[in-house]
Amino acid sequence: MPSRVLQSPFVESTAVTPELVIRAVLELLFLLAVIIVLLTLSDFRRRLFALGAAALTVFYIFIGGWSVVQMVDRWQYDYPQDVSFIPLTRFAMYQAQLESSVEASYAWQATLADGSERDVNIAKEFESVGLPPMSTRMRVLLGWAHDPEDDQQHADAARELELYAEGLYGALSADGLEVEELSFSRVTGTPDDVDAEVLFTWSAEELSAR
Amino acid sequence: MSLRIRLHEGVTARSLALARVVVFAIWIVFVVQDPLHDLVFLPFELFHTYGVFEFVPDSFWQAILTPAGLLGLKAVAILVFGWALLGFRGARWMTAFAVVVGMVYLQVRKGFGGHWDHRELTLVYVTAALVLTPAWDAFAVHRTNGVRRDGIYRASLLVLSFVVIVQYVFIGAARTFIGAPGVFLDGTLQNWVENRNLRPNPFGFDIGTYFLDPFWAVPLDLLFLGGTILELASIVLLFLRPGWIKVGFVIGFAVFHMAIFLMMNVAFPENIALLVLFFDLDAPLRRMRAGRSGAGAATFDPGNPRAALLARRAPAQSPEVSFRAVPSVPGGIEFTDPDGRSVSGRAAVTELMYRRRGWLGIAWLRTILPGFDGPLRAERGAVASWFLGPVPADAAEEPTASEHDRV
């Protein structure tokens with residue numbers, strides 16, 4: 001079964017709408033309330049005095065900076081990112097309502113020298129990257145490739161996906177597989193009734209030329 | 001009104017040191033099992049830097065993203081984390097360096113993805129917080145010392161725990177205030193589960209697919225709501241004494257992480273391991289030592305070679321225990337503590353082991369083994385004899401009177 005990823009604008013909305021602003025203000029008020037209660041109505045502050053003024057100052061600056069980024073950073077799931085606050089980032093996951101599971105998905109496939117075909121799991125081949133970052137990149141590139149806003153976006157997707165194909169070709173070759181062709185597809189439908197549309201195909205000669 | 005912080009009351013330098021060991025052990029496991037070298041196949045053109053790393057020249061990343069560079073990064077990371085874990089001289093500075101190395105390591109990994117997720121950042125922040133603490137006052141090759149303020153170990157552990165709490169509160173608040181109520185309705189978690197199961201993932205768990213029937217939509221929504229309430233309520237951990245409520249919180253977090261992992265293939269192993277920071281890791285050791293270091297009296301059967309051997313050798317390591325030879329002692333040897341509690345046989349041997357420096361762990365292990373309180377056999381078993389030989393003949397000799405009366 002080809003793998004599928006979400007291709008939907010409402011995964012992690014970054015559009016600054018009036019509703020988002022109101023919700024963000026409520027979030028800020030809640031966190032401020034928690035901090036105020038902790039610092040004024042409990043002995044938490046006094047318990048930390050033993051750390052010393054210098055260490056406490058650093059700690060408060062860190063918590064303050066982290067809190068500001070938590071409130072401000074709404075772009076941590078964007079690719080490419082216009083602004084990033086790393087080493088600080090907003091901690092948030094599964095914060096958007098998902099009205100349906102899947103609209104489109106992607107799949108990598110390899111044709112081997114013996115004519116057989118096999119699915120290639122890019123998340124496994126490059127496990128070190130981490131599943132969420134890799135999925136974000138593939139999701140965005142799939143969107144650019146299939147529904148580009150302009151020709152440049154489609155060209156960018158083609159270029160980046162070819163680079164990933166080169167990486168996959170190298171990794172599969174290192175595993176002893178003789179790859180003749182690699183392809184990247186958009187997959188729709190349901191798991192029981194899959195409709196795969198090949199968007200890009202690269203031959204071994206193209207991928208090994210660099 | 002003043003709410004009283006209860007977390008980490010009574011902790012010691014050893015508690016903080018053990019927390020340090022846990023943090024760096026997580027790092028070492030994280031780095032050792034990471035297939036970082038696979039990144040060498042990806043063309044550099046795909047690599048993106050984030051945040052402060054955008055100011056680092058490309059040539060630095062190009063040098064790292066080579067077979068030698070990736071191997072070197074991994075080796076340096078293990079060296080630095082190992083140094084800080086074991087507490088060699090300069091470990092505190094090395095920890096500051098470890099934060100930098102850890103961040104560079106993560107940038108190398110995530111540079112080929114589409115965003116920088118927060119998975120390992122809690123571990124980074126906890127590591128950074130360690131720099132502010134005297135975490136090398138115990139269990140360190142080079143122990144730091146000096147006059148410490150009262151309560152500094154508790155303050156240190158509160159800071160480490162607070163970082164973990166803040167991440168949960170932030171995530172829970174983000175979901176509640178940005179996504180509620182819709183995020184908890186209409187099978188949202190079920191849709192996330194289906195989505196996460198269908199995209200390529202490195203683990204291949206398909207447990208989530210068993211919960212895609214419409215029947216599970218409401219239970220999963222409730223699980224999601226429950227997990228979010230747990231995240232928001234995590235601040236309560238600061239006010240809890242050790243007990244089942246705190247254990248319940250921690251188990252709840254672990255279950256939530258494991259559910260996400262098994263059902264959605266999104267792993268947070270570092271965060272699960274960090275949950276132990278809510279406990280006083282020295283407490284079990286203190287409990288084992290408590291009441292185990294005082295004086296006691298042992299009577300042994302001189303006709304039992306193994307009991308006699310113990311009576312000859314144990315006094316050197318347990319000078320506060322008196323030994324007396326009495327024929328036909330039940331179980332071969334009997335031990336009585338100052339409160340008059342008496343045990344015999346292997347249990348008595350374990351009590352003696354508790355009093356030996358460095359044998360505490362083995363003694364504790366013996367207490368949980370089946371047959372712990374069995375009688376002391378006169379001879380070694382067949383397997384033990386094959387490897388170790390019989391009990392030395394001189395052990396059968398009756399100890400001298402002076403040895404009997406040693407106190």
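In this text, all values refer to a predicted model and were calculated from it rather than measured experimentally.
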Are side-chain heavy atoms of B/Leu189 and A/Tyr94 found at a separation under 4.5 Å? no

Most chain A-contacting option - heavy-atom pairs closer than 4.5 Å, from B/Arg154, B/Arg149, B/His118, B/Arg175: B/His118

Contact winner vs chain A - B/Pro134, B/Ala267, B/Ala180, heavy-atom pairs under 4.5 Å: B/Ala180

Tell me whether the rings of A/Phe62 and B/Tyr125 are parallel (<30°), tilted (30 to 60°) or perpendicular (>60°). perpendicular

Considering residues at least two apart in sequence or located in another chain, which fulfil the ring-ring contact (aromatic ring centres under 6.0 Å, His included) criterion with A/Phe200? A/His154, A/Trp202

With a 4.5 Å cut-off on heavy-atom pairs, point out which of B/Leu106, B/Leu42, B/Asp38 contacts chain A the most. B/Leu42

Using a heavy-atom cutoff of under 4.5 Å, enumerate the residues of residues 164-171 of chain B that contact chain A, numbered in order, or state 'none'. B/Val166, B/Gln167, B/Val169, B/Phe170, B/Ile171

Distance-minimising heavy-atom pair for A/Arg137 and B/Gly111: NH1-O, 3.8 Å

All pairs passing salt bridge (charged side-chain N to carboxylate O under 4.0 Å, His left out) where residues 104-113 of chain B contributes a residue, at least two apart: B/Asp34-B/Arg109, B/Arg109-B/Glu120, B/Lys110-B/Asp117, B/Lys110-B/Glu120

In the structure I gave you, are the side-chain heavy atoms of A/Glu27 and B/Ile178 within less than 4.5 Å of one another anywhere? yes

Taking atom CG as the centre, does A/Asp175 end up with more than 12 heavy-atom neighbours from other residues, nucleotides or ligands that are less than 6.0 angstrom away? yes

Between B/Ile260 and chain A, with a heavy-atom cut-off of 4.5 Å, which part of the residue counts as in contact: side chain, backbone, both or neither? side chain

Tell me, yes or no, whether the heavy-atom count around A/Glu149 atom CD, taken from other residues, nucleotides or ligands under 6.0 Å, exceeds 12. no

If you tally heavy-atom pairs under 4.5 Å between each of B/His8, B/His48, B/His37 and chain A, the highest tally belongs to B/His48

What heavy-atom pair brings B/Ala155 and A/Leu51 nearest, and what distance separates the two atoms? CB-CG, 3.9 Å

Max heavy-atom pairs within cutoff under 4.5 Å with chain A, candidates B/Gly151, B/Ala173, B/Ala128, goes to B/Ala173

Residues, nucleotides or ligands: over 12 heavy atoms within 6.0 Å of B/Glu54 CD: yes

For A/Arg118, which residues count as a side-chain contact (heavy atoms from CB on, under 4.5 Å) partner, sequence neighbours excluded? A/Ala110, A/Leu112, A/Leu177

When every non-hydrogen atom of B/Leu132 is compared with those of A/Ala55, the smallest separation belongs to CD1-O, 3.6 Å

